[in-house]
Engineer: 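Here it is, the structure, as structure tokens.
Because only heavy atoms are used, hydrogens play no part in the values below, and waters and symmetry mates are left out as well, while side chains stay in. Atoms within each ligand, like the ligands themselves, are counted from 1 in listed order.
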Amino acid sequence: MSALEKYPNLFSPLDLGFTTIKNRALMGSMHTGLEEEPGGFERMAPYFAERARGGVGMIITGGISPNIEAGMGAKLSTSEEALQHKLITDAVHAADEDVKICMQILHSGPLARNADAVAPSAVKSRIAPHTPVELDAAGIEKQISDIVNCAAKAQEAGYDGVEVIGSAGYLLSTFLVEKTNQRTDEWGGSYENRMRFPLEVMRRTREAVGPNFILIFRIAAMDMLQGGMSWDEIVTLAKKMESVGVSIISTHFTWHESTVPTIATMVPRAAFAGVTGRLRKELNIPVITSNRINMPQVAEDVLIRGDADIISMARPMLADPDLIRKTLEGREDEINTCIACNQACLDHIFSGKICSCLVNPRACHETELNYTPTDNPKSIAVVGAGPAGLAYADVAARRGHKVSLYDSASEIGGQFNLAKQIPGKEEFFETLRYFKRRIEVEGIVLHLDTRVSADSLKDKGFDEVIVATGIAPRTPDLEGIDHHKVVSYIDAIKGVKPIGKKVAIMGAGGIGFDVAELIMHKGLSGSMDIDTFAREWGIDFENHPRGGVTDVEPVVESADREVYLLQRKSTPVGRGLGKTTGWTHRIALSRRGVKMINGVEYLKIDDDGLHVMIDNEPQVLGVDTVIVCAGQSPLRELHDDLVKAGLNSTLVGGAFEAAELDAKRAIKQACELAAVV
Ligand code: FAD
Ligand code: NAP
Ligand code: SF4
């Protein structure tokens with residue numbers, strides 16, 4: 001079956017009257033950090049061009065400020081600034097003249113990090129550093145005309161349209177909600193008045209840019225705020241937007257200050273598309289849906305259900321710029337799927353680093369990291385088929401080296417085979433499927449069930465040996481650590497040893513949290529099920545109370561266990577987890593009654609349980625199981641033996657350095673080394 005037969009909706013063009021989008025795949029807006037970086041536009045041009053060549057119908061850039069007070073680093077208000085943007089629009093249109101590129105206009109309003117942040121009322125957001133200054137009437141007029149001017153400059157820069165963000169707790173959305181708009185003039189009070197600002201922005205923008213320019217309004221179709229927007233208010237706003245000349249409504253879910261996860265791994269695929277579908281029925285213009293749509297079949301299914309006209313995939317386009325082209329060529333099994341970890345994209349952005357991707361470290365580094373064909377093909381042995389070994393083997397082989405890949409296990413994946421067992425981490429299966437296919441495509445010679453020693457490689461004639469043997473779990477030096485109630489995290493995850501009803505987890509790093517999720521999880525799946533997800537996070541998709549969540553109590557089902565999650569550090573438990581996802585894990589575990597305790601000194605383990613000192617008080621946690629998640633040490637023996645035997649050996653991944661190791665670092669290091677071998 002051809003791709004056009006398999007995905008007839010995804011590959012059908014969308015006629016906007018004055019222009020046509022060639023298919024229904026949109027690369028959604030993502031801030032990359034390059035917007036503010038010196039030379040960033042020179043880097044963004046190839047980044048976007050690569051995605052245009054990769055087959056999407058339309059691209060939306062990261063958010064650009066219309067003025068200084070709007071708070072994003074990059075601003076577009078002058079013709080000189082427009083010239084910079086021309087680098088992007090020219091590169092995209094040169095890559096494929098049929099691909100549309102729109103610029104997102106983002107006015108942060110009260111979420112701006114600068115002290116001169118502005119808002120309809122002086123109401124500080126929970127997540128903002130400052131209380132914003134309340135705009136007076138002249139200030140409101142200025143903000144509107146700055147946004148309109150920004151759109152006009154985007155048109156001058158060669159964009160095919162603009163998206164104005166009217167959601168997430170940014171300026172336009174704060175006019176809509178009573179909590180953030182406490183004005184009594186014509187811009188506040190009744191809903192009619194609260195809608196006035198976003199409507200004026202879009203009406204005047206349409207006037208300024210003329211009829212043949214794509215205008216997208218991003219609406220909070222479910223803002224996840226207690227007392228947020230009602231369904232009627234959302235529908236009314238969307239209809240009014242249609243009447244003032246908006247071409248497309250893009251649905252967004254959540255304000256940044258909400259405590260409901262909307263894009264993390266545990267969010268089921270396309271969980272929110274049904275909300276878009278309901279809005280779509282009320283409108284005559286096309287609608288975009290988004291969030292956790294990461295594979296073509298998921299996109300096609302959303303379109304078949306009639307839930308949207310366009311599918312926005314943002315992070316999936318970081319993970320694989322060729323996602324749509326591969327789909328068109330029937331190579332879906334070669335898609336490098338976004339696993340929704342946020343580790344290299346959003347976590348980077350919120351830490352002031354350049355965005356990238358855990359599974360594709362080239363993302364946003366297209367000018368720096370390239371896998372060019374080698375003119376000196378070598379014979380390379382890669383030992384260890386965990387993320388580091390797999391990434392190395394893949395890149396080296398695609399560059400033309402002859403690669404043999406060894407693992408003592410019976411399947412590829414290393415620790416990812418443990419990670420994929422954790423509820424909410426099912427996407428890790430996709431990464432393993434991707435690498436399995438890459439091995440086939442590149443003709444990498446795979447040797448499973450093969451423990452490698454220096455002796456076994458000595459006479460094989462390899463030019464290079466890459467040691468990606470990973471780690472060994474750390475065993476704390478503690479009296480009773482060999483007691484029968486002590487279980488390693490590996491045995492706990494594999495289910496090799498039974499876990500009791502009262503459990504202490506020693507170590508509250510990423511693995512300690514994952515083990516706690518696993519042993520408190522009830523049922524087999526659940527984590528990828530939309531109803532369970534909605535119940536656990538207090539979302540009412542059916543009745544859509546204000547914000548989708550108002551007065552909906554989360555209902556969490558847990559295994560019948562009492563669990564202590566312990567660490568020695570005095571910092572809050574879970575602080576080291578991902579910046580944008582750590583809170584979801586902390587909330588999920590505390591709702592399951594897991595007791596998270598810091599500042600613990602471990603004394604001994606015996607028949608009575610785990611003896612600890614907490615706040616200078618000796619205590620016995622009367623547990624029947626102690627699971628050790630106390631970090632890891634590198635496995636380097638093979639490397640040492642190879643060096644002694646006079647072979648060229650290079651360490652990578654956990655074998656190189658176990659401290660603060662994660663898959664992001666392992667894959668990035670492997671790709672960088674293989675790019676130059
Ligand atoms: P490994 O994955 O440990 O792979 C090493 C491989 O080498 C193994 O397959 C092993 O069998 C093989 N091997 C060892 N010695 C030999 C030998 N002599 N001969 C042949 N083969 C050998 N990271 C994240 O970034 N995000 C997450 O969400 C995340 N979640 C995790 C959840 C769990 C439960 C676990 C356990 C880990 C998680 N990690 C996560 C960590 C991540 O999996 C590791 O950082 C990553 O796997 C390290 O990759 P590696 O290739 O260096 O080592
Ligand atoms: P980790 O994050 O380094 O945590 C190890 C834990 O063990 C810490 O809580 C540490 O805290 C404790 N510890 C260290 N030495 C100890 C000792 N001698 N005795 C008792 N406790 C000790 O490592 P990890 O949990 O093993 O995870 C490995 C890597 O996988 C991490 O780098 C992590 O980033 C990655 N990972 C990531 C995710 C994710 O969601 N992003 C999930 C899983 C794993 P104290 O010293 O304070 O007790
Ligand atoms: Fe997706 Fe993770 Fe890559 Fe971000 S870092 S794009 S969430 S795979």
Side-chain angles (χ1 to χ4, degrees), residues 30 263-265 294 314-320 336-348 355-360 363 383-392 406-409 411-422 425 427-428 431 447-453 456 467-478 489-490 493 506-515 518 565-571 573 576-578 581-582 585 598-600 602 628-632 634-635 637-638 652-656 658-667 669-670:
M30 275 174 297
I263 59 168
T265 316
N294 60 351
R315 295 173 300 167
M317 297 295 165
L318 291 177
D320 196 332
N336 198 2
T337 306
C338 166
I339 59 172
C341 64
N342 282 1
Q343 285 177 243
C345 50
L346 280 175
D347 285 352
H348 275 207
C355 171
S356 191
C357 173
L358 180 142
V359 298
N360 173 25
V383 186
L390 289 166
Y392 191 101
Y406 297 87
D407 204 295
S408 52
E411 57 184 344
I412 63 162
Q415 292 177 66
F416 263 31
N417 290 311
L418 299 175
K420 73 186 186 193
Q421 309 290 341
I422 307 299
K425 289 199 169 176
E427 293 289 359
F428 284 59
T431 307
H447 304 268
L448 292 174
D449 298 307
T450 309
R451 175 159 289 281
V452 167
S453 63
S456 65
V467 176
T469 44
I471 50 83
R474 180 183 291 127
T475 306
D477 183 13
L478 181 69
Y489 70 80
I490 296 179
I493 295 172
M506 285 175 65
I511 292 178
F513 266 79
D514 276 357
V515 166
L518 178 71
L565 180 56
L566 309 170
Q567 74 174 29
R568 299 172 305 176
K569 287 187 285 292
S570 55
T571 49
V573 174
L577 299 177
T581 52
H585 300 298
N598 58 4
V600 176
Y602 306 114
V628 180
C629 304
Q632 307 166 331
L635 268 182
E637 289 75 9
L638 176 63
V652 63
F656 173 78
E660 303 194 353
L661 166 74
D662 60 12
K664 178 184 75 169
R665 201 189 77 202
I667 291 176
Q669 185 197 19

Engineer: Check Ala340 against ligand 3 and report side chain, backbone, both or neither, counting heavy atoms closer than 4.0 Å.
Structural biologist: backbone
Engineer: Under 4.0 Å, counting heavy atoms only: does Gly578 come that close to any atom of ligand 2?
Structural biologist: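 No; Gly578 lies far enough from ligand 2 that no heavy-atom distance drops under 4.0 Å.
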Engineer: Quick check on contacts: which atoms of ligand 2 are under 4.0 angstrom from a heavy atom of Leu661?
Structural biologist: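 Numbered from 1, ligand 2 contributes 29 (C), 30 (O), 31 (C), 32 (O), 33 (C), 34 (O), 35 (C).
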Engineer: Please confirm whether Gly507 comes within less than 3.5 Å of ligand 2 when only nitrogen or oxygen atoms on both sides are compared.
Structural biologist: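 For ligand 2, there is no N or O atom that lies under 3.5 Å from one belonging to Gly507.
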Engineer: Quick test of your reading of the structure: of Lys425, Gln343, His585, Gln415, whose heavy atom lies closest to atom 42 (C) of ligand 2?
Structural biologist: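 Checking each option, the heavy atom nearest atom 42 (C) of ligand 2 is found in Lys425.
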Engineer: Looking at atom 17 (C) of ligand 1, would you say a protein heavy atom lies below 4.0 Å from it?
Structural biologist: yes
Engineer: Check the surroundings of atom CG in Asp449: do more than 12 heavy atoms from other residues, nucleotides or ligands lie under 6.0 Å from it?
Structural biologist: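 Yes.
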Engineer: I want to confirm something. Looking only at heavy atoms, which of Gln632, Arg665, Lys569, Lys664 is nearest to atom 47 (O) of ligand 2?
Structural biologist: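 It is Lys569 whose heavy atom sits nearest to atom 47 (O) of ligand 2.
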Engineer: Judged on heavy-atom distance to atom 11 (O) of ligand 1, which of Asp407, Thr469, Leu661, Ile667 sits nearest?
Structural biologist: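 Nearest option to atom 11 (O) of ligand 1, by heavy atoms: Asp407.
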Engineer: Under 2.8 Å from atom 1 (Fe) of ligand 3, is there an N/O/S atom belonging to Cys345?
Structural biologist: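 Looking at Cys345, which is the residue asked about, there is no N, O or S atom under 2.8 Å from atom 1 (Fe) of ligand 3.
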Engineer: Give the atoms of ligand 1, by number and element, whose distance to some non-hydrogen atom of Gly384 is under 4.0 Å.
Structural biologist: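 Answer, ordered by atom number: 6 (C), 7 (O), 12 (C).
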Engineer: Does the protein put a heavy atom less than 4.0 Å from atom 39 (N) of ligand 1?
Structural biologist: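 Within 4.0 Å of atom 39 (N) of ligand 1, no protein heavy atoms are found.
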Engineer: Looking at Glu427 and Arg315, is there a salt bridge between them, counting it only when a charged N and a carboxylate O are closer than 4.0 Å?
Structural biologist: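 Salt bridge absent between Arg315 and Glu427.
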Engineer: Anything under 30° is parallel, anything over 60° is perpendicular, the rest tilted; go ahead and classify His447 against Tyr406.
Structural biologist: parallel
